[in-house]
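Read through the structure below, which is laid out as structure tokens, and then see the notes.
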Amino acid sequence: MLVPSDRKNRPHAFLPHQAVIPAAGLGTRFLPATKAMPKEMLPVVDKPAIQYVVEEAVAAGIDDIVMIIGRNKNALANHFDRVTELEHTLERKGDHDKLARVVEPSALADIHFVRQGDPKGLGHAVLRARKHVGNETFAVMLGDDLIDARDPLLSRMIEVSQNRSATVIALMEVEPSQIHLYGCADVETTDEPDVVRVNALVEKPAADEAPSNLAIIGRYVLKPEIFEVLAQTAPGKGGEIQLTDALEELAADESIAGPVLGVIFSGRRYDTGDRLDYLKSNVLLALDRDDLGPELKTWMQELTATFD
Ligand code: UTP
């Protein structure tokens with residue numbers, strides 16, 4: 001694991017080392033659970049969703065995180081902070097396993113918090129990170145979108161961005177009936193099977209207007225030119241400043257920041273902002289755990305035997 005003090009040991013000093021994690025949305029699909037708590041703090045098995053995302057960033061070599069936070073910010077900031085009283089109690093009890101679990105989130109990376117104020121959309125949230133990120137390529141990782149650690153995506157996107165000096169978005173095939181829930185990409189193939197050139201993007205199109213069934217999922221590797229484009233982007237769908245609209249502008253004019261490419265992901269992904277996907281992610285990740293999986297599996301077998 002790469003921690004801040006290891007920065008000088010990076011194999012490629014030019015690799016992106018910053019990730020922006022927007023976590024300032026209202027999370028209305030999860031009300032009332034999200035009335036006083038950001039949806040990114042909902043536990044998946046025994047860790048808040050956002051901790052998986054930070055761990056994924058660190059695994060891809062990122063050590064500097066900007067979290068965009070809104071109301072109820074304290075839960076997020078506290079989770080990644082030290083809690084000396086609890087640590088001392090666990091230390092006195094000699095409970096080293098639990099102590100390690102408490103300390104772990106605060107030791108993962110350098111985490112900075114930036115307020116969004118009004119949640120004016122994902123594009124607006126990313127723009128709030130401009131001062132911190134500066135003139136560097138950076139990752140954007142949605143705090144409620146989990147990519148299974150066994151199916152690494154971000155490191156592949158970083159590699160493609162480096163090799164082709166490109167903006168890179170993550171795409172996943174979805175059922176045509178689901179495409180209206182996502183940004184959608186009009187693409188052409190390249191000489192690499194998992195990489196496509198993005199010609200155009202449409203935010204949440206109706207099924208009969210969608211240019212493909214390739215949906216944008218919550219991982220991006222962006223160049224700093226995106227900030228100027230976002231600053232000029234007018235509110236779009238839902239009255240929000242859409243990241244997809246800014247990316248569409250980049251895709252339409254390569255002279256701004258080079259090409260926009262898509263990496264097609266076919267691994268395991270869990271949208272924890274959606275209630276059904278959230279429930280599935282808890283079950284699937286718990287089934288894989290040695291401490292919970294076997295008993296859960298037996299119980300599920302018994303349970304499904306009672307279904308009609
Ligand atoms: P979503 O559209 O999934 O979040 O945004 P939401 O608006 O909170 O969800 P619902 O539909 O009301 O349940 C994708 C990501 O962008 C962040 C969210 O926190 C989420 O991680 N986001 C969205 C912001 O940080 N700011 C915004 O203004 C909007």
Side-chain angles (χ1 to χ4, degrees), residues 19-44 48-57 65-77 79-80 111-130 132-133 138-147 153-154 169-172 174 178-184 201-205 215-220 222 226-227 230-231 233-247 269-279 281:
V20 176
I21 305 185
L26 294 177
T28 55
R29 283 167 291 168
F30 248 109
L31 285 168
T34 47
K35 189 175 168 194
M37 181 177 72
K39 66 176 165 180
E40 291 80 3
M41 281 302 293
L42 290 171
V44 178
I50 199 154
Q51 188 176 331
Y52 291 86
V53 178
V54 173
E55 287 170 356
E56 181 193 338
I65 307 249
V66 189
M67 235 171 241
I68 311 299
I69 52 176
R71 67 197 176 96
N72 306 324
K73 62 180 171 131
N74 290 344
L76 279 162
H79 182 71
F80 291 99
I111 303 184
H112 309 267
F113 297 91
V114 174
R115 292 300 300 270
Q116 189 182 10
D118 283 338
K120 293 185 192 160
L122 177 57
H124 181 255
V126 172
L127 185 55
R128 295 289 298 128
R130 184 179 196 168
H132 185 96
V133 169
F138 64 104
V140 170
M141 309 172 77
L142 300 196
D144 58 350
D145 213 342
L146 303 196
I147 301 295
L153 167 63
L154 188 62
I169 63 176
L171 298 171
M172 193 164 184
V174 298
Q178 297 297 299
I179 198 74
H180 69 280
L181 300 170
Y182 296 89
C184 174
L201 294 164
V202 198
E203 181 63 17
K204 300 193 169 90
I216 305 174
I217 57 171
R219 298 291 178 271
Y220 308 80
L222 303 177
I226 191 84
F227 290 125
L230 279 170
T233 300
K237 211 145 215 167
E240 296 190 337
I241 296 172
Q242 300 286 357
L243 181 58
T244 306
D245 291 347
L247 288 164
R269 166 195 178 246
Y270 314 105
D271 176 5
T272 65
D274 173 78
R275 289 172 301 171
L276 186 58
D277 236 27
Y278 172 77
L279 292 171
S281 63

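When reading the values below, keep in mind they use all heavy atoms of this one structure, side chains included, and skip hydrogens, waters and symmetry mates. Position 1 is the first residue of the sequence; numbering continues from there. Just follow the structure's listing: the first ligand is 1, and inside any ligand the first atom is 1.
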Legend entry - Taking atom 16 (O) of ligand 1 as the reference point, the nearest protein heavy atom with its distance: Leu122 CD1, 3.6 Å
Inset, instruction - Say whether Gly273, considering both its backbone and side-chain N or O atoms, lies within less than 3.5 Å of an N or O atom on ligand 1. - result: no
Legend entry - Protein contact of atom 7 (O) of ligand 1 - nearest heavy atom, named by residue and atom, plus distance: Leu26 N, 4.1 Å
Legend entry - Minimum-distance protein heavy atom relative to atom 24 (C) of ligand 1: Gly25 N, 3.4 Å
Inset, instruction - Give the residue and atom name of whichever protein heavy atom lies nearest to atom 25 (O) of ligand 1, and the separation in Å to one decimal. - result: Ala24 N, 2.9 Å
Legend entry - For Arg130 against Ala231, the heavy-atom pair lying closest together: NH1-CB, 4.0 Å
Legend entry - Inter-residue atom distance Thr233.OG1 - Ile241.CD1, 0.5 Å rounding: 7.5 Å
Legend entry - Close approach of Gly27 to ligand 1, heavy atoms, under 4.0 angstrom: yes
Legend entry - Residue part near ligand 1, for Ala125, under 4.0 Å between non-hydrogen atoms: side chain
Inset, instruction - Grab the two heavy atoms, one from Asp271 and one from Asp145, that are nearest each other, plus how far apart they are. - result: CA-OD1, 4.3 Å
Legend entry - N/O separation below 3.5 Å, Glu240 to ligand 1: no
Legend entry - Whether over 12 other heavy atoms sit under 6.0 Å from Arg71 CZ: yes
Inset, instruction - May I ask whether Lys39 places a heavy atom under 4.0 Å from ligand 1? - result: yes
Legend entry - atom 26 (N) of ligand 1 - nearest protein heavy atom and its distance: Gln116 OE1, 2.8 Å
Inset, instruction - Enumerate the atoms of ligand 1 whose separation from the nearest heavy atom of Gly143 is less than 4.0 angstrom. - result: 21 (O)
Inset, instruction - Decide whether an N or O pair under 3.5 Å exists between Gly121 and ligand 1. - result: yes
Legend entry - Non-hydrogen atoms of Ala33 and Leu42 that approach each other most closely: CB-CD2, 4.2 Å
Legend entry - Test item: Val54 and Met67 side chains (from C-beta on) under 4.5 Å apart, heavy atoms: yes
Inset, instruction - Pick out which of Ile111, Ile50, Val20 makes a side chain to side chain contact (heavy atoms under 4.5 Å, CB included) with Ile65. - result: Ile111
Inset, instruction - May I ask whether Lys120 places a heavy atom under 4.0 Å from ligand 1? - result: yes
Legend entry - Nearest heavy-atom neighbours spanning Met41 and Ala75: CE-O, 3.9 Å
Legend entry - Any Ile68 heavy atom less than 4.0 Å from ligand 1: no
Inset, instruction - Just do the ring-ring contact (aromatic ring centres under 6.0 Å, His included) check on Tyr278 and Phe30 with the steps written out, would you? - result: CA-CA 10 Å; Tyr278 172 77; Phe30 248 109; 5.2 Å; yes
Inset, instruction - Provide, to 0.1 Å, the distance between atom 2 (O) of ligand 1 and the closest protein heavy atom, together with that atom's residue and name. - result: Arg29 NH2, 4.6 Å
Inset, instruction - Can you pull out the closest protein heavy atom to atom 12 (O) of ligand 1? Residue, atom name and distance to 0.1 Å, please. - result: Thr28 OG1, 2.5 Å
Inset, instruction - For Gly236 and Asp245, work out which heavy atoms get closest and say how close. - result: CA-OD2, 3.8 Å
Inset, instruction - Measure Glu40 to ligand 1 on non-hydrogen atoms and call it side chain, backbone, both or neither using the 4.0 Å cut-off. - result: side chain
Legend entry - Subset of ligand 1 atoms that lie under 4.0 Å from at least one heavy atom of Pro119: 28 (O)
Inset, instruction - Please report the closest heavy-atom contact between Pro22 and Val126, naming both atoms and the distance. - result: CG-CG2, 4.4 Å
Legend entry - Within-4.5 Å side-chain heavy-atom neighbours: Lys204 and Leu181: no
Inset, instruction - Note the single closest protein heavy atom to atom 14 (C) of ligand 1, along with its residue, its atom name and the distance in Å. - result: Leu142 CD1, 3.8 Å
